[in-house]
Amino acid sequence: MAEIRNGSAAAPTGDGSLREPSLGELVAAASQNASILVRSEIELAKAELAAEAKKAALGGGMFGGAGLFGFFGFIFLSFGAVYGLDQTSLPLWACYLIVAGAYLLLAGILAGIGLKSLKKMGPPERTQRTIKDTVATLKSRGKKQPADA
């Protein structure tokens with residue numbers, strides 16, 4: 001068993017006295033302890049990520065279910081709009097055309113807004129700049145730098 005004296009570890013010898021561990025022993029112990037620490041941190045991260053992944057999967061499943069029921073609700077609301085229009089003097093086929101035309105008009109408006117938004121997008125300027133800086137730094141590495149006067 002190692003004993004701590006004045007902030008350093010002392011190892012027992014065969015005759016019962018204590019000796020200071022060598023630098024190699026200290027490095028080996030530090031390396032082993034660092035390895036154990038890294039493995040423990042990795043195991044902790046895995047456990048935390050597994051728990052978070054389960055939560056994310058449950059949330060994703062709930063959103064999927066909500067989307068499915070929302071889609072069915074939209075279909076039934078569409079039928080309701082058609083049959084509501086049917087209560088007027090219009091024939092049923094005209095009611096379906098009116099509802100479908102309203103949806104196509106809405107789809108066209110949304111597509112136009114989306115296209116306008118996409119046209120405003122530019123290249124990732126900050127990323128391009130940092131990549132150029134990194135390449136320039138790597139190219140200049142190893143070259144002798146002029147001494148500043």
Side-chain angles (χ1 to χ4, degrees), residues 1-82 84-85 94-149:
M1 205 59 158
E3 183 179 311
I4 304 295
R5 282 194 180 170
N6 299 330
S8 63
T13 60
D15 61 1
S17 63
L18 296 176
R19 69 169 177 81
E20 294 293 319
S22 69
L23 181 60
E25 291 171 334
L26 290 174
V27 169
S31 174
Q32 181 181 11
N33 289 341
S35 176
I36 291 170
L37 180 62
V38 168
R39 280 195 294 263
S40 298
E41 290 295 328
I42 289 172
E43 289 302 316
L44 177 62
K46 283 181 184 178
E48 286 180 324
L49 288 175
E52 292 301 315
K54 287 178 185 176
K55 290 178 191 175
L58 179 64
M62 292 296 137
F63 272 121
L68 178 68
F69 286 111
F71 177 71
F72 286 141
F74 178 74
I75 289 172
F76 283 107
L77 282 175
S78 298
F79 279 117
V82 167
L85 282 173
C95 298
Y96 275 105
L97 283 179
I98 291 171
V99 171
Y103 288 153
L104 289 175
L105 179 65
L106 181 61
I109 291 170
L110 292 175
I113 292 170
L115 187 61
K116 190 176 183 182
S117 162
L118 286 176
K119 286 183 178 180
K120 288 182 181 179
M121 286 180 48
E125 294 172 4
R126 184 175 173 194
T127 302
Q128 288 176 342
R129 188 172 51 250
T130 58
I131 288 173
K132 287 178 184 177
D133 291 345
T134 303
V135 169
T137 302
L138 291 175
K139 283 182 178 179
S140 68
R141 192 167 188 189
K143 293 182 181 177
K144 189 172 182 178
Q145 299 292 324
D148 292 335

(request) Output the distance between atom CZ (F72) and atom CZ (F69), rounded to the nearest 0.5 Å. (result) 7.5 Å
(request) Any pair with a residue in residues 108-136 that passes side chain to side chain donor-acceptor pair (under 3.5 Å), sequence neighbours left out, goes on the list, sorted by first then second residue, please. (result) none
(message) Applying side-chain contact (heavy atoms from CB on, under 4.5 Å), can you list everything that pairs with V135, at least two apart in sequence or on another chain?
(response) I131, K139
(message) Can you list everything that forms a side-chain contact (heavy atoms from CB on, under 4.5 Å) with I42? Sequence neighbours excluded, please.
(response) V38, K46
(request) Return the set of residues passing ring-ring contact (aromatic ring centres under 6.0 Å, His included) with F79 (not counting sequence neighbours), or none when no residue passes. (result) none
(message) Run the side-chain contact (heavy atoms from CB on, under 4.5 Å) test against E48 and tell me which residues pass, sequence neighbours left out.
(response) L44
Contacts table for residues 104-111: side-chain donor-acceptor under 3.5 angstrom, sequence neighbours left out:
none

(message) Test of understanding: with side-chain hydrogen bond (donor to acceptor under 3.5 Å, both in side chains), list the residues that count as partners of S78, not counting sequence neighbours.
(response) Y103
(request) Under the side-chain contact (heavy atoms from CB on, under 4.5 Å) rule, collect the residues that match up with L97, sequence neighbours excluded. (result) W93
(request) Can you sort out the partners of S35 under side-chain hydrogen bond (donor to acceptor under 3.5 Å, both in side chains), two or more places apart, ordered by chain and number? (result) R39
(message) Under the salt bridge (charged side-chain N to carboxylate O under 4.0 Å, His left out) definition, can you give me all pairs with a residue in residues 51-67, not counting sequence neighbours?
(response) E52-K55
